[in-house]
Colleague: 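Okay, here's the structure, questions in a sec.
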Amino acid sequence: MNALILTGSPKPEGQTVQMARLLAQSLPGETRFLHAYSLQVAPCMDCGFCRTRFACPVQDEQQQVLQQLLWAQAVVVASPVYFYGVPAPLKQVFDRCQPFWCARVLRKEKPAIKKGAVLLAGGAPSHPGQFDGARQTISGWFREIGAESCGEVLFPGTDKTALSQQPILQEQIKALAQSLLK
């Protein structure tokens, strides 16, 4: 399986990335990581270029993201949640996936169906709605890139505890990896 894990954390060794690595260890085949905070991606300018072709005229690292998304059979979003949403660098990557939307909606092209999975970490103690904004954004993005969600793992309270202290959460992440294989 070709899997792409897109992380939205500024911390290369933080809880979010640790969750992503654990999931990756449970997947066969090739797994690639893209870290939104390391990518140089300009904002979408709504120039209209992608309305007639699957391309973007802005030559930055989003070109790599688009190619990796086409390559992937499974796409995993691993992100911390900041103020109920994904961090700005990750959202900017999502926004620049407009070529997928134009292909699907304007040109009526059918995307290759991929599997999707979500790993979200929140520093605050668990509370209702904590992950809802991020979930909605990722769900919409999955729809546009042709990914069907296989599930999610939510990790609240990361300011007080570590993944290494959460055996049940670790098992949930491994089970999510297995659901991508079905």
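Please read all numbers here as calculations on a predicted model, not as lab measurements. Basis for what follows: all heavy atoms, side chains included, without hydrogens, waters or symmetry-related copies.
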Colleague: Determine, stepwise, if the pair Ile5 / Thr31 fulfils side chain to side chain contact (heavy atoms under 4.5 Å, CB included).
Modeller: CA-CA 7 Å; Ile5 299 178; Thr31 300; 3.7 Å; yes
Colleague: Taking CD in Gln63 as the centre, count heavy atoms belonging to other residues, nucleotides or ligands within less than 6.0 Å. Is the count above 12?
Modeller: yes
Colleague: Report the distance from atom CG of Leu163 to atom CZ of Phe155, rounding to the nearest 0.5 Å.
Modeller: 5.5 Å
Colleague: Looking only at atom types and distance, does a side-chain atom of Lys160 sit under 3.5 Å from a main-chain N or O of Gly123, one as donor and one as acceptor?
Modeller: no
Colleague: Report yes or no: does Ser139 contribute a side-chain atom to a donor-acceptor pair with the main-chain N or O of Gln136 at less than 3.5 Å?
Modeller: no
Colleague: Relative to each other, are the rings of Phe100 and Phe54 parallel, tilted or perpendicular (30° and 60° limits)?
Modeller: perpendicular
Colleague: Can you give me the closest heavy-atom contact between Pro12 and Val17, atom names plus distance?
Modeller: O-CG1, 3.4 Å
Colleague: Please say yes or no: joined through hydrophobic side-chain contacts below 4.5 Å, possibly via intermediate residues, are Tyr84 and Val86 part of one cluster?
Modeller: no
Colleague: Does a side-chain heavy-atom distance below 4.5 Å link Gln166 with Glu171?
Modeller: no
Colleague: Quick one: pull up CD1 in Ile173 and CD1 in Ile168 and give me the separation to the nearest 0.5 Å.
Modeller: 12.5 Å
Colleague: Decide yes or no on side chain to side chain contact (heavy atoms under 4.5 Å, CB included) for Cys102 and Cys50, but give the supporting numbers first.
Modeller: CA-CA 6 Å; Cys102 289; Cys50 60; 3.5 Å; yes
Colleague: Measure from the side-chain N and O atoms of Gln165 to the backbone N and O of Ala162, and report whether any donor-acceptor pair falls under 3.5 Å.
Modeller: yes
Colleague: Side chains of Leu119 and Val77: closer than 4.5 Å at any heavy-atom pair?
Modeller: no
Colleague: Do Phe94 and Ile138 make a side-chain contact, defined as non-hydrogen atoms from C-beta onward lying under 4.5 Å apart?
Modeller: yes
Colleague: If you round to the nearest 0.5 Å, how far is OG of Ser149 from CG of Leu180?
Modeller: 8.5 Å
Colleague: Considering only NZ, NE, NH1 and NH2 on the basic side and carboxylate oxygens on the acidic side, decide whether Glu30 and Arg32 come within less than 4.0 Å.
Modeller: yes
Colleague: State whether the side chain of Gln130 and the backbone N or O of Ala124 hold a donor-acceptor pair below 3.5 Å, judged by distance alone.
Modeller: yes
Colleague: For the residue pair Pro89 and Val41, establish whether any side-chain heavy-atom pair is separated by less than 4.5 Å.
Modeller: no
Colleague: For Ala36 and Gly8, work out which heavy atoms get closest and say how close.
Modeller: CB-CA, 4.4 Å
Colleague: Which distance, rounded to the nearest 0.5 Å, do you find between the CD of Gln68 and the CD of Gln62?
Modeller: 11.5 Å
Colleague: Could you give the distance from NE2 (His35) to CG (Leu6), rounded to the nearest 0.5 Å?
Modeller: 9.5 Å
Colleague: Is there a continuous path of hydrophobic side-chain contacts, each under 4.5 Å between heavy atoms, that joins Phe33 to Ile145?
Modeller: no
Colleague: Please report the interatomic distance CG(Leu154) to CG(Leu169), rounded to the nearest 0.5 Å.
Modeller: 9.0 Å
Colleague: Restricting to non-hydrogen atoms, name the atom on Gln92 and the atom on Pro43 that form the minimum distance, rounded to 0.1 Å.
Modeller: NE2-N, 3.6 Å
Colleague: Between Leu181 and Ser26, which heavy-atom pair has the shortest distance, and what is it?
Modeller: CD1-O, 4.5 Å
Colleague: Using the rule given for side chain to side chain contact (heavy atoms under 4.5 Å, CB included), can you reason through Arg135 versus Glu152, listing the C-alpha separation, both sets of side-chain angles and the distance that settles it, and then say yes or no?
Modeller: CA-CA 9 Å; Arg135 289 161 122 174; Glu152 64 185 13; 2.3 Å; yes
Colleague: Return yes when atom CE of Met1 has more than 12 non-hydrogen atoms of other residues, nucleotides or ligands closer than 6.0 Å, and no otherwise.
Modeller: yes
Colleague: Over all heavy atoms of both residues, which pair between Leu4 and Trp71 is shortest? Give the atoms and the distance, please.
Modeller: N-CZ3, 4.3 Å
Colleague: Check Phe142 against Val75 and note the closest heavy-atom contact, atom names and distance.
Modeller: CZ-O, 3.8 Å
Colleague: Does Arg96 form a salt bridge (Lys or Arg N to Asp or Glu O under 4.0 Å) with Glu61? I'd like the steps, not just the answer.
Modeller: CA-CA 11 Å; Arg96 284 284 301 286; Glu61 290 182 291; over 6 Å; no
Colleague: Do Val118 and Val153 sit in the same hydrophobic cluster, where Ile, Leu, Val, Met, Phe, Trp and Tyr count as joined when their side-chain heavy atoms come under 4.5 Å apart?
Modeller: no
Colleague: Between the main-chain N or O of Gly133 and the side-chain N or O of Thr137, is there a donor-acceptor pair closer than 3.5 Å?
Modeller: yes
Colleague: Would you call Glu144-Arg104 a salt bridge at under 4.0 Å N-O?
Modeller: yes
Colleague: Same cluster or not: Leu39 versus Leu70, using hydrophobic residues (I, L, V, M, F, W, Y) connected whenever any side-chain heavy atoms lie under 4.5 Å apart?
Modeller: yes
Colleague: Is there side-chain contact between Thr7 and Ser79, with at least one heavy-atom pair below 4.5 Å?
Modeller: no
Colleague: Does any non-hydrogen side-chain atom of Leu22 lie less than 4.5 Å from one of Gln170?
Modeller: yes
Colleague: Taking Gln73 for the side chain and Asn2 for the main chain, is one N or O donor matched with an acceptor at less than 3.5 Å?
Modeller: yes
Colleague: Does the side chain of Leu23 reach to within under 4.5 Å of the side chain of Lys174, using non-hydrogen atoms?
Modeller: no
Colleague: Taking the side chain as every heavy atom from C-beta outward, state whether Phe131 and Ser126 have any pair of such atoms under 4.5 Å apart.
Modeller: no
Colleague: Please check if Val76 and Leu69 belong to a single hydrophobic cluster, counting links between Ile, Leu, Val, Met, Phe, Trp and Tyr side chain heavy atoms closer than 4.5 Å.
Modeller: no
Colleague: Does the ring of Phe49 carry Arg53 above it, NZ/CZ under 6.0 angstrom from centre and within 45° of its axis?
Modeller: yes
